[in-house]
Amino acid sequence: MELYKENQLKIYNSLSKTKEAFKPVHDGHIGMYVCGPTVYSNAHLGNVRTFMFFDVAFRYFLHLGYKVRYVRNITDAGHLENDADEGEDRIAKRARLEEIEPMEVVQRYTVDFHDVLKKYNFLPPSIEPTATGHIVEQIEMIKEIIDKGLGYEINGSVYFDVVAYNKNNHYGILSGRKIEDAIHNTRTLDGQSDKKNPQDFALWKKAGEQHIMRWPSPWSDGFPGWHLECSVMSSKYLGSQFDIHGGGMDLKFPHHECEIAQSRTCSGHDPVNYWMHTNMLLLNGQKMAKSTGNFILPDEILTGDNKVLSKAFSASVVRFFNMQANYRSILDFSSDALEASEKGYLKLMDALSSLANLSTQNSSSINISEWKQKCYAAMNDDFNTPVLISHLFEGVKFINQIKEDKASITAEDLVIFATTMNAFVFDVLGLLNDVKEQSSDKIDGVVALLIKLRKEARENKEWELSDQIRDELLAIGIQLKDGREGTTYSMS
Ligand SMILES: [Zn+2]
């Protein structure tokens, strides 16, 4: 029997602001859409936190035996500065500054994004659609909104009539904004906006002469509004009503509010059953911002190449650190906090490495099935990873007690125990045991030092010492090889 049948998930729905029992539209299947990155710069750590949480949710659904279609888009057009309806396209701006094609910007930062996610052991989504790959569908949706009387064209641009929509719907239902306050930032050069109401948002923008990223449409050569792509791509791949839509908290308004308005206009019903939003990631108690320098890239953590870090940390330590906090809480990133997480992570890996070799007895003094249920209960309770981790550390305590003969376990229980520990640590949390890799890094360092000392000895004609270094390394299985490029080593 699939595990999901015996695990009732509860999900905090940002729309109802309560934890609700999760019931998918189609039994045994989950459709999940997460707003992906706008690929105009390197993926930043705050984004990684959001995607990492949804990676763990995805992993847990798979572990429970659901068939999941996970769609995470790439925004490669239409996202203007400051999330507003005016201003320059973020990608076009970067292209102009770097003097390259917009699609070169898209390519560069899409590759970077995938590269980072791979290093952090993410599972790829089922579909990763792009905005530019769905221009035709976006134009169709605009036509439909115009037909329903909620879109209007002015000077080649098309806007969504928020005030008219709000007569029969609740604009602000997700973000809690009142319609009077839900004004979309509009930077107008001449003090005049095309829009009927300041609350309205763009569905299609006429491209200015300088604007490179443009497509033909019935209204003008232009480009789609940022909010449209997610309504189009989620309904195309998941249907007009699907299970889960996720993203960072900052996307609730305007982005997700606009998505609801567009989709409801076309289908007549709510597009999403469970809205999920992750909270912010701070750096040393402050909001991360490139402009203030309070900023760190995911890659810099792996190399230690940032002044806020005391050293480099592995991707699994960062993952572990993220999962020690609830996704709905603000998380404060710092070097000290990572060091604390590293200690916990190493303790966990150390215990897991001895799990398979534990000796078994005729009876168990530990209630393994109760412990296992607690692990599932934590994840079933809105993906409460910090509580799950506390139960995994209870598991570490069991391992140590068994090793010290202070507790006993039967062979049957050990199988359940080991399977559950491994499933949660590696499959669900997505941690890797990179402790071995770390120790091989250390060996690299030590051998490099010995190679350097041997080279110095040879330069000083201290042949006895240089031979001693070579022979003693060989005796422990490390063979030095002198070549034109210097000395390398291999291990037997
Ligand atoms: Zn989106």
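In listed order, ligands and their atoms are each counted from 1. Every heavy atom of this structure was used, including side-chain atoms; hydrogens, water molecules and symmetry mates were not.
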For Y327, the option from D382, T385, V56 that meets side chain to side chain contact (heavy atoms under 4.5 Å, CB included):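 Answer to the side chain to side chain contact (heavy atoms under 4.5 Å, CB included) test with Y327 among D382, T385, V56: D382.
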
List the atom pairs, donor and acceptor, that lie under 3.5 Å between side-chain atoms in residues 170-182 and the rest of the protein, sequence neighbours left out.
{"from": "Y171", "atom 1": "OH", "to": "H184", "atom 2": "NE2", "distance (Å)": "2.9"}
{"from": "S175", "atom 1": "OG", "to": "R177", "atom 2": "N", "distance (Å)": "3.4"}
{"from": "S175", "atom 1": "OG", "to": "E257", "atom 2": "OE1", "distance (Å)": "2.6"}

Side chain N73, main chain P129, donor-acceptor under 3.5 Å: no

NZ or CZ of R264 within 45° of Y165 ring axis and under 6.0 Å: no

Polar side chain donor-acceptor pair, D434 to S314, under 3.5 angstrom: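 Per modelled atom types, D434 and S314 side chains form a pair under 3.5 Å.
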
Ring geometry between F61 and F383 (parallel below 30°, tilted from 30 to 60°, perpendicular above 60°):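 Answer is perpendicular, since the angle exceeds 60°.
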
Number of protein N/O/S atoms that sit closer than 2.8 Å to the Zn ion (ligand 1): 3

